[in-house]
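Remarks on the structure that follows.
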Amino acid sequence: MGDNGLNNADIMCEVEDFVINTPVGLLAIKVTNDEVIRIDLNSNESITSARSYFAKEVQRQINCYFEDASFKFNLKLNAKGTGYQRKVWLGLQNIPLAQTMTYGELASKIVSGARAVGNACRNNPIPLIVPCHRVVSTSGLGGFAGKLDGQLIDIKKFLLVHEGALLI
DNA sequence: TGTTTTGGGGCTG
DNA sequence: CAGCCCCAAAACA
C-alpha cells in the first residue's frame, strides 16, 4: 500500500461498469479484468451490456444463481475493507446455502459483538455473492444494504425464500 | 414495550 | 492519539 492509499493493482486495472436486469431489479456491477469490486442493488441507471469476457462471465453466473439458488459462484472478489470487515465478510461466505445465522451467532464465531458484525455487513460492497442476506436478527430479518425496511428488505426476503431458507 | 449495554468504524481536533 | 457519534443487535426487566 502506497502513501496515496492505493495498491498498484488499483492503478493498473481498468474498471468496467455495467448494469443487468434481475428478479430483484437492476444491479450495477463494477469489475476489473478478473475481479468483482462492487455490486449496487436498486440501481437507477439504465441497462448497459457487459463488454469484457470477465464481465460477461459475472453476468452469466448471476443469471445462473437466479435460475437455481444452489449455483455456486466461482468468481475472484476484491472487497476493499478493514481487516475486521474482511473477517466478517469471510464469515458470511461460510454460511451454507439455505441457512441463516444471527448477527450474534456470527459475532461469537469471530469473537466480536453483534452490532459490530451488523456494521461490517452494512458495508459489504458485494451483496448477493457475499451473502449478507443470510445474517438475520433474533427478532426478525434485520436490515439489508443499510436499510431496516422497505424495498431492500423485500429483496433480502426474496433471496432467502429463493434459497429455501425462509418459508413464504 | 422500553431501556441499557454493546463493539467497530469514521470523523474531528 | 482521544473523544464523540453512528449503527443491519441483543439482553433484560
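Please read all numbers here as calculations on a predicted model, not as lab measurements. When reading the values below, keep in mind they use all heavy atoms of this one structure, side chains included, and skip hydrogens, waters and symmetry mates.
Rounded to whole Å, atom C1' of C:dA9 lies 12 Å from atom CZ of A:R122. In this structure, A:N123 atom CG and C:dC6 atom C1' are separated by 11 Å, rounded to whole Å. Distance A:K156 NZ to C:dA8 C1': 6 Å, rounded to the nearest Å. Between the CZ atom of A:R86 and the P atom of B:dG9 there is a distance of 13 Å, rounded to whole Å. Whole-Å rounding puts the A:K147 NZ to C:dC6 C1' distance at 15 Å. The interatomic distance linking A:Q85 (CD) with C:dA8 (P) rounds to 14 Å, in whole Å.
Annotation for A:N21 and A:L26: closest pair OD1-CD2, 3.5 Å, computed over non-hydrogen atoms. The shortest non-hydrogen separation linking A:L92 to A:C121 is CD2-SG, 4.0 Å.
The aromatic ring centroids of A:F158 and A:H133 lie 6.0 Å or more from each other.
Not one side-chain nitrogen or oxygen of A:T138 sits closer than 4.0 Å to the OP1 or OP2 atom of C:dA9. Remark: A:S139 is not in phosphate contact with C:dA9, judged by side-chain N or O atoms under 4.0 Å from OP1 or OP2.
The CZ atom of A:R38 sits 9.0 Å away from the CG atom of A:N124 when rounded to the nearest 0.5 Å. Between atom CD1 of residue A:I129 and atom CG of residue A:N74 there is a gap of 10.5 Å, rounded to the nearest 0.5 Å.
In this structure a side-chain-to-backbone donor-acceptor pair under 3.5 Å is present from A:K156 to A:G143.
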For Watson-Crick and G-U wobble pairs within 3.5 Å on both distances, what is DNA chain B written in dot-bracket notation, | included for inter-strand pairing? |||||.|||||||
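At a threshold of 4.5 Å between non-hydrogen side-chain atoms, the residues A:F73 and A:V36 do not count as touching. Looking at A:F66 and A:V24, their side chains come closer than 4.5 Å, going by heavy atoms from C-beta outward.
Contacts between residues 100-121 of chain A and DNA chain C, counted as heavy-atom distances below 4.0 Å, involve A:T102, A:Y103, A:G104, A:A114, A:R115, A:N119, A:C121.
Side-chain proximity of A:L148 to C:dA9, C:dA10, B:dG8: nearest is C:dA9.
A donor atom on one side chain and an acceptor atom on the other are not found under 3.5 Å apart for A:R60 and A:N63.
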